[in-house]
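The structure appears below as structure tokens.
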Amino acid sequence: MTAAKVIPGAESFFLPGNSIGILICHGFNGTPQSVRYLGDNLAAKGYTVYAPRLKGHGTDELDMETSHYQDWVHDVEAAYAKLKQTCTHVFAIGQSMGGALVLDLATKVPCEGILTINAALQVPEYEIYRNQSVPRFIPEGEPDVKDDTVTEITYDQVPSKAINQLLDIMEHTSQQLENISCPILLFHSPEDHVVPAHCSNQIYDTVLSLDKELIALENSYHVASLDYDKDQIIEQAYGFIQIHCKKATIAS
């Protein structure tokens with residue numbers, strides 16, 4: 001069986017830098033293209049940045065249909081392991097479903113810190129497809145971005161099987177929040193038409209992290225890494241990373 005061809009621009013990217021590694025995970029039906037601006041700008045600050053392409057994403061809908069959420073978990077764990085080969089400290093950033101995946105990662109490995117962007121623990125519009133296989137494919141609307149000049153690489157339709165895998169990883173992560181104690185920075189858009197804002201509040205209220213902060217992105221919708229507040233995300237992420245690298249250095 002021939003492997004599905006990756007859409008140009010949707011590839012994983014690895015940007016070598018210093019001993020501080022930044023893992024960036026895109027969301028459901030997204031690709032590394034949606035976080036490339038963040039990655040390029042964090043790499044420009046000297047960090048080593050890796051954004052993996054999750055299995056079944058950035059190719060075609062049939063490829064996504066055969067993907068399981070454990071594949072996505074594995075992709076993120078493999079990305080962390082790749083960064084640890086050359087990096088002393090690793091931080092993980094996740095957007096939407098990517099937020100759920102990096103939160104899951106934090107229950108298994110010693111991350112220096114977790115940053116989430118509109119982390120998905122619920123997607124209300126998908127609930128009607130829970131445990132359903134018909135219709136086989138669900139039409140997708142335009143990406144939820146306030147900036148109408150932005151283009152995001154996505155599929156026009158997604159498999160109901162994949163939607164159920166998304167529902168499963170969100171439920172799994174929701175049950176793991178009490179096992180997270182590393183520093184955490186939560187970005188959320190008050191006007192998000194995909195993931196309810198209370199998901200970020202739930203994470204903030206449930207994790208055991210003593211160092212945690214919730215930041216509102218007032219001028220962005222769901223895909224905030226491509227939206228008007230993307231530079232705010234970069235600057236506040238940079239401050240968070242620098243502070244916790246210094247703390248880790250002092251502690252060691």
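Computation of the quantities below employed the complete heavy-atom set of this structure, encompassing side-chain atoms and omitting hydrogens, waters and symmetry-equivalent molecules.
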Task: Interatomic distance, Lys5 atom NZ to Thr59 atom OG1 [nearest 0.5 angstrom] - done: 12.5 Å
Open item on the list: Nearest 0.5 angstrom please: Phe187 CZ to Phe240 CZ, how far?
Closed with: 9.0 Å
- [ ] Please indicate whether His193 has more than 12 foreign heavy atoms, meaning atoms of other residues, nucleotides or ligands, lying under 6.0 Å from its NE2.
- [x] yes
Task: Any donor-acceptor N or O pair under 3.5 Å, side chains Ser209, Asp211 - done: no
Task: Full working for side-chain contact (heavy atoms from CB on, under 4.5 Å) between His89 and His244 - done: CA-CA 10 Å; His89 307 302; His244 290 291; over 6 Å; no
Task: Heavy-atom side-chain proximity of Leu167 to Tyr69 below 4.5 angstrom - done: no
TODO: Could you tell me whether a side-chain N or O of Ser189 sits under 3.5 Å from a main-chain N or O of Ser220, the two making a donor and an acceptor?
DONE: yes
Open item on the list: Does either side chain, that of Tyr37 or that of Asp231, offer a donor lying less than 3.5 Å from an acceptor on the other one?
Closed with: yes
Task: Under 3.5 Å: donor-acceptor pair, side chain of Thr48, backbone of Gly21 - done: no
Open item on the list: Same cluster or not: Val223 versus Ile233, using hydrophobic residues (I, L, V, M, F, W, Y) connected whenever any side-chain heavy atoms lie under 4.5 Å apart?
Closed with: no
Open item on the list: Is any side-chain heavy atom of Leu54 closer than 4.5 Å to one of Leu101?
Closed with: yes
Open item on the list: I'd like to know if the side chain of His57 reaches the main chain of Asn29, judged simply by a donor and an acceptor atom lying under 3.5 Å from each other, with no hydrogens or angles considered.
Closed with: yes
Task: Minimum-distance pair of heavy atoms, taken over all atoms of Glu112 and Phe91 - done: CB-CZ, 3.5 Å
Task: Flag side-chain contact, heavy atom, 4.5 Å: Glu77 against Val109 - done: no
- [ ] Indicate yes or no for a side-chain donor-acceptor contact from Gln202 to the backbone of Ser174 under 3.5 Å, with no hydrogens or angles considered.
- [x] no
Task: Side chains of Gln165 and Ser67 in contact at under 4.5 Å (non-hydrogen atoms) - done: no
Task: Gap separating the CZ atom of Arg53 from the NE2 atom of His26, nearest 0.5 angstrom - done: 7.5 Å
- [ ] Side-chain contact test, heavy atoms from C-beta onward, threshold under 4.5 Å: evaluate it for Ile184 versus Leu115 and give yes or no.
- [x] no
- [ ] Look at atom CD of Gln242 and say whether more than 12 heavy atoms of other residues, nucleotides or ligands are closer to it than 6.0 Å.
- [x] yes
- [ ] Report yes or no: does Asp227 contribute a side-chain atom to a donor-acceptor pair with the main-chain N or O of His222 at less than 3.5 Å?
- [x] no
- [ ] Quick one: pull up CD1 in Ile243 and CD1 in Ile241 and give me the separation to the nearest 0.5 Å.
- [x] 10.5 Å
Task: Side-chain (Glu140) to main-chain (Thr154) donor-acceptor, under 3.5 angstrom - done: no
Open item on the list: Within this structure, what is the CG-CD distance for the pair Asp229 and Gln236, rounded to the nearest 0.5 Å?
Closed with: 9.0 Å
Task: Heavy-atom check, side chain of Val76 versus side chain of Lys108, under 4.5 Å - done: no
- [ ] May I ask you to decide if Tyr228's main-chain N or O and Asn219's side chain share a donor-acceptor pair within less than 3.5 Å?
- [x] no
Task: Spacing of Tyr50 atom OH and Thr86 atom OG1 [to the nearest 0.5 Å] - done: 12.0 Å
